[in-house]
Amino acid sequence: MGLGPSLSRVKPSGKAGQFSGKHTFFLALSGQPVPDVEGFAAGDILAVSEKVDAEVGDLVVWGTPSDGDFALARVTDDYTFVAVAGFPSPSGQVIGESIQGVVVGRLRHLDS
Amino acid sequence: MNRPRCILHVDLDAFFVSVERVLNPKLCGLPVVVGGSPQSRGVVAAASYEARAFGVRSAMPMGQAQRLCPHLVRISGTPGMYGRASKAVFSLLKSYTPVIEKVSIDEAYLDFTGMGFCFDSAVDQADQIRIEVKNRLRLDITVGISQNRLVSKVASAFAKPQGLFDVQVGREARFLAPLPLRALPGIGPVTAKSLEDLGFSSLGEVAQADAVVLLRAFGSQGAILKKRAQGVDATPVRSSGQPRQSSSLGHDETFFKDTRDLSYLEKRLQNLLARASYRLRKKQLLAKTVTVKVRKADFTSRTQAFTLPQATDYDVELLEQALRILRSLTVDRPLVRLVGVRLSGLTSGVRQGTLFDAEATRGRKLYSVADQVRKKYGFRSVGEGSRLRSNPSFEE
């Protein structure tokens, strides 16, 4: 994804880690996310639910996991996708096929 | 904040152990428990995460905990200190929002609804609370954030220890869906077993279940169960002084030695009920349901409840049914390890007699005097005559 923020798969410590792989995976945000209304910060760990259809308002993870490339986008009212936190703008043509899951929450640890 | 409601569930991590570690930093990193000695049949009141890695859990008999973790460090505990530490934490939390409900010595709900003008982000705000508690009191907290109490509580359990979990607005059901049945508050072992027997293994399956199936299995509670599995909960956060309508209170006692002696069990139950009723009156609550629990020496438990036609805060009115239940639960004379009583169906108020109900008026006066003495000299200062006569060494 180049410079700026990036996402990589992690298994979080503590209780949350017990749920990793059970239709939920976790992505750690690193690099330099651009400040916006989402308020993401480096060190945040996103809990992502797999096997669900994205709906209006969802924050989705898209990209190609084989390359380790993930990005975030928000589904708008007209079913278009808006990039968040400085991730690349998605192309409406391909994002539907490359959605990896829906973000259900954000985890932070005190030491993160 | 862009949330209709913004509720934080704040939970202190391994609270008693954490306080002991503040007092004695050498305990940091060790498997530590706070609780009674195995010789006096004590149980684990709190366990450090290092001890939990060995399978040690709260409420576990201390002897069992020491077998699981032979190098376990046991501390008897300093109850007064925990109260002071808790007070300090809650005093700090109150500086963030006036709407705070303390649910136990180490747990609270904070309502940040409508405070978006003060804080840009609930997550940043929660982070600030965590850091301030850590820096000022050297205690760790975990925070769950969502639109309601139920999901925030699950979120904080998910983030333990030293974590913070913010559930995306409107994605509560999706967050809960992959979680196991027992992750939802209110689903205990019995309900979980019933759900498993019906073929459910996750909250997502319960959330999407056929309402008729749940209705047949759980009655009217089935619909509530389904809603809760969907992450729906409208329960408000009540500030201190606003009693919760649907809570319960109770006491239990683990005996120094297992017993089959029914008259002894009855005396202990009577004492526990008197304690629970005293707390009812102090909180100006009335109870409608009394539940008695008996745990046998083999650790299996039996419980049975009775609902009175009229709510009360007089132990004498609850005692008759409590004793009847106890006798029913011990009809086969089992060896008993613990007996407990719980009062539920709580409503605000005090027991009122009718205009001509002289007995109720006398009862009210009697309890009022006894409670005043107890308030000044402690619960043990007053006992019923029958109990004192039958137990000359009354030293509660």
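Just so you know, these numbers use all the heavy atoms, side chains as well, and skip hydrogens, waters and symmetry mates.
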### Message
For a quick test of reading the model, state the closest non-hydrogen atom pair linking A:G14 to B:P161 and the distance between them.
### Response
CA-CD, 4.0 Å
## Note on the structure
One should read off an interatomic distance between A:L46 CG and B:D166 CG, to the nearest 0.5 angstrom, of 10.5 Å
### Query
To the nearest 0.5 Å, how far apart are CZ in B:R130 and NE2 in A:H109?
8.0 Å
### Query
Listed by residue number, which members of residues 19-28 of chain B have a heavy atom under 4.5 Å from any heavy atom of chain A?
none
### Task
Might you confirm whether atom NZ of B:K134 has over 12 heavy atoms from other residues, nucleotides or ligands at distances under 6.0 Å?
yes
### Task
Given side-chain contact (heavy atoms from CB on, under 4.5 Å), test A:V102 with B:Q168 step by step and report yes or no.
CA-CA 10 Å; A:V102 174; B:Q168 287 274 303; over 6 Å; no
### Query
What option among B:A155, B:P178, B:G204, B:S202 has the most heavy-atom pairs under 4.5 Å with chain A?
B:P178
### Between B:G170, B:A126, B:S146, B:G163, the one whose heavy-atom pairs under 4.5 Å with chain A are most numerous
B:G163
### Message
Before you tell me yes or no, could you show the steps for B:D124 and A:R108 under side-chain contact (heavy atoms from CB on, under 4.5 Å), namely the whole-Å CA-CA distance, both residues' side-chain angles and the distance that decides it to 0.1 Å?
### Response
CA-CA 10 Å; B:D124 291 341; A:R108 269 186 199 176; 3.4 Å; yes
